[in-house]
Amino acid sequence: MVVLGAGPAGLLLGNLLHRGGIDCVVLERADRGHVQTRARAGFLAANTVRILDRHGLAGGLHRHGREHGACEFRTAEGRFRLDYGGLGRGERHTVYPQQDLVTDLLTHYLEAGGRIHFGTEALAVHDAGTTRPSVAVRETDGRPGHWRARYVAGCDGRHGAARRSLPPGAVRHHRDHGISWLGLLAQAPPSLDAVGYAVHDRGFAGHMARTPEVTRYYLQCERGTAAAARSDEDLWDELDTRMYAPEHGPLNRGRFLHRGVVDFESDVIEPLRHGSLLLAGDAASLISPSAAKGANLAVLEAELLAHALVADLAHGDPRALDRYSRQALAHIWRAQEFSHWMIRLLHREPSAPGSESFFHESLRLSRLESLRTSRTHQDWFAENYTGV
Ligand code: APR
């Protein structure tokens, strides 16, 4: 087995294949330092914690992660809090920075004797339609190389070699939501004991704790905005304006450790299996960060694919592998649907002209009001917010 990419999907898959007695190698373009320090997501759903627990890979998140079960909506009409941990299925999130999860998965994999090649860039997957596909790579020293195996798992993200090597029959469902967020990682303690969603005339603002010292903020911005366009001071003023709530003083300020702009796009590949090439994680589907589903989907798909590959390779039973694409896509579209709903809850309709925008805006405010007042709606929200 060849696994492309050492993110949450590729590393969980590598761990489970290795444990299943499958000879596999993970090929990763970046060096180990970069993989272990790249700050990205960190809001793990209960199902993700269950999966990692099931395989004895959750030690780090139980030691250092923090449970989270509340979100707060701030609007011009006032603010309301949802203790979603007591709603729906009664599930909560665990806040645990993705780079720490990736480091845990890598450590487990290497300690178990798993094989990984850092600095090895996959260029293309060949012969996916046969039982001996191969991966053309650029090795660490720049020389070309080839890896051949029974299956190739593409966990190398949206711009990886697996996606570039898909046969003409693959369908790509793409949607540009017309929304962009400036993501900010602040060296500052969280200002709320909840995920904060501020819906403001100047645009959306979001607050997500990462650790007791570090907080992630999001600011809706114009498409094409440069991440470095505004000073730290100016951005804090903007955050304070959009997240203002009379009961709460100003936000805890600090230096921004990282900035990056993310354009909201959804991008789903169908099917997720092309002969001996299988996709998982961002290589399978890209989802907006509006509902924090990306990393959770990656973990769910990696476990599903690992079980299917072990059943096929170790026990000669191909049925789970034949079902993989359909099963994973059902979860992907569920997450896409809720993520899309969150986009429309948290943002004004970007392109709606005059009267239509007023119509959309009234729908949005009514959605918020229903979420504030209807227990049934709150249970539905909690189930989808924590589910994957
Ligand atoms: N060859 C080898 N490795 C590659 C190549 C390539 N051509 N292209 C990308 N990679 C590596 C990247 O360096 C990265 O380490 O593939 C890995 C992909 O990891 P992620 O992007 O973390 O993707 P995935 O495991 O699918 O997890 C995705 O995590 O951060 C969240 O929200 C994010 O939804 C996303 C989820």
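Note that the coordinates shown come from a computational prediction; the quantities given were computed from them, not determined experimentally. Whatever order the structure lists them in is the order used to number ligands and atoms, beginning at 1.
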Chemist: Counting from 1, what ligand 1 atoms have a heavy atom of Leu27 closer than 4.0 Å?
Modeler: 2 (C), 3 (N)
Chemist: How are the rings of Phe256 and Trp236 set to each other: parallel, tilted or perpendicular (split at 30° and 60°)?
Modeler: parallel
Chemist: Find all atoms of ligand 1 within a distance of less than 4.0 Å from any non-hydrogen atom belonging to Ala298, and give their numbers and elements.
Modeler: 27 (O)
Chemist: Considering only protein heavy atoms, which is closest to atom 20 (P) of ligand 1, and at what distance to one decimal place?
Modeler: Arg40 NH1, 3.2 Å
Chemist: Would you please indicate if the ring centroids of Trp380 and Phe338 are separated by under 6.0 Å?
Modeler: yes
Chemist: Among all the protein's non-hydrogen atoms, which is closest to atom 31 (C) of ligand 1, and how far away is it?
Modeler: Gln98 OE1, 3.0 Å
Chemist: What protein heavy atom sits nearest atom 3 (N) of ligand 1, and how far off is it?
Modeler: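 So the nearest neighbour among protein heavy atoms is Arg29 N, 3.1 Å.
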Chemist: Measure the distance from atom 35 (C) of ligand 1 to every protein heavy atom, then report the residue, atom name and distance (to 0.1 Å) of the closest one.
Modeler: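 Protein heavy atom at minimum distance: Asp282 OD1, 3.2 Å.
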Chemist: Quick one: sort the Tyr217 and His207 rings into parallel, tilted or perpendicular, breaks at 30° and 60°.
Modeler: perpendicular
Chemist: Give the atoms of ligand 1, by number and element, whose distance to some non-hydrogen atom of Glu121 is under 4.0 Å.
Modeler: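 In order of number, 1 (N), 7 (N).
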Chemist: Could you list which atoms of ligand 1 come closer than 4.0 Å to a heavy atom of Gly281?
Modeler: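 Close to Gly281: 26 (O).
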Chemist: Taking only heavy atoms of Ala9, which atoms of ligand 1 are found under 4.0 Å from at least one of them?
Modeler: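 That gives atoms 25 (O), 26 (O) of ligand 1.
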Chemist: Which ligand 1 atoms are under 4.0 Å away from a heavy-atom of Thr120?
Modeler: 2 (C)
Chemist: Where is the nearest protein heavy atom to atom 13 (O) of ligand 1: which residue, which atom, and how far?
Modeler: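 So the nearest neighbour among protein heavy atoms is Glu28 OE2, 2.6 Å.
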Chemist: At what distance is the nearest protein heavy atom to atom 18 (C) of ligand 1, and which residue and atom is it?
Modeler: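 Answer, as residue, atom name and distance: Cys155 O, 3.4 Å.
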Chemist: So which protein heavy atom does atom 5 (C) of ligand 1 come closest to, and at what separation?
Modeler: Asp156 CB, 3.7 Å
Chemist: Has His159 got any heavy atom lying under 4.0 angstrom from an atom of ligand 1?
Modeler: no
Chemist: Over 60° means perpendicular and under 30° means parallel, so classify the ring planes of Tyr96 and His64, tilted if in between.
Modeler: parallel
Chemist: Which ligand 1 atoms does Gly5 reach within 4.0 Å, using its non-hydrogen atoms?
Modeler: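 It comes down to these atoms of ligand 1: 11 (C), 16 (O), 17 (C).
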Chemist: Please assess Tyr197 against Leu345 for the test side chain to side chain contact (heavy atoms under 4.5 Å, CB included), listing each intermediate value before the final yes or no.
Modeler: CA-CA 10 Å; Tyr197 295 115; Leu345 182 77; over 6 Å; no
Chemist: Do Leu184 and Val262 share a hydrophobic cluster (ILVMFWY, side-chain heavy atoms under 4.5 Å, transitive)?
Modeler: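 Result: no, two separate clusters.
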Chemist: Would you check, one step at a time, whether the test side-chain hydrogen bond (donor to acceptor under 3.5 Å, both in side chains) holds for Glu303 with His55?
Modeler: CA-CA 10 Å; Glu303 188 197 37; His55 303 290; 2.8 Å; yes
Chemist: Identify, for atom 24 (P) of ligand 1, the protein heavy atom at the shortest distance, and state residue, atom and that distance.
Modeler: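 Nearest neighbour among protein heavy atoms for atom 24 (P) of ligand 1, to 0.1 Å: Pro8 CD, 4.0 Å.
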Chemist: Side chains of Glu270 and His173: is there a donor and an acceptor less than 3.5 Å apart?
Modeler: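 Note: Glu270 and His173 side chains meet the donor-acceptor criterion.
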Chemist: Check the orientation of His18 and Tyr109. Use parallel for under 30°, tilted for 30 to 60°, and perpendicular for over 60°.
Modeler: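 The rings of His18 and Tyr109 stand perpendicular, inter-plane angle above 60°.
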Chemist: Run the salt-bridge test on Arg255 and Asp232 with the 4.0 Å N-O cut-off and return the result as yes or no.
Modeler: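 Looking at Asp232 together with Arg255, the answer is no, because their closest N to O distance does not fall below 4.0 Å.
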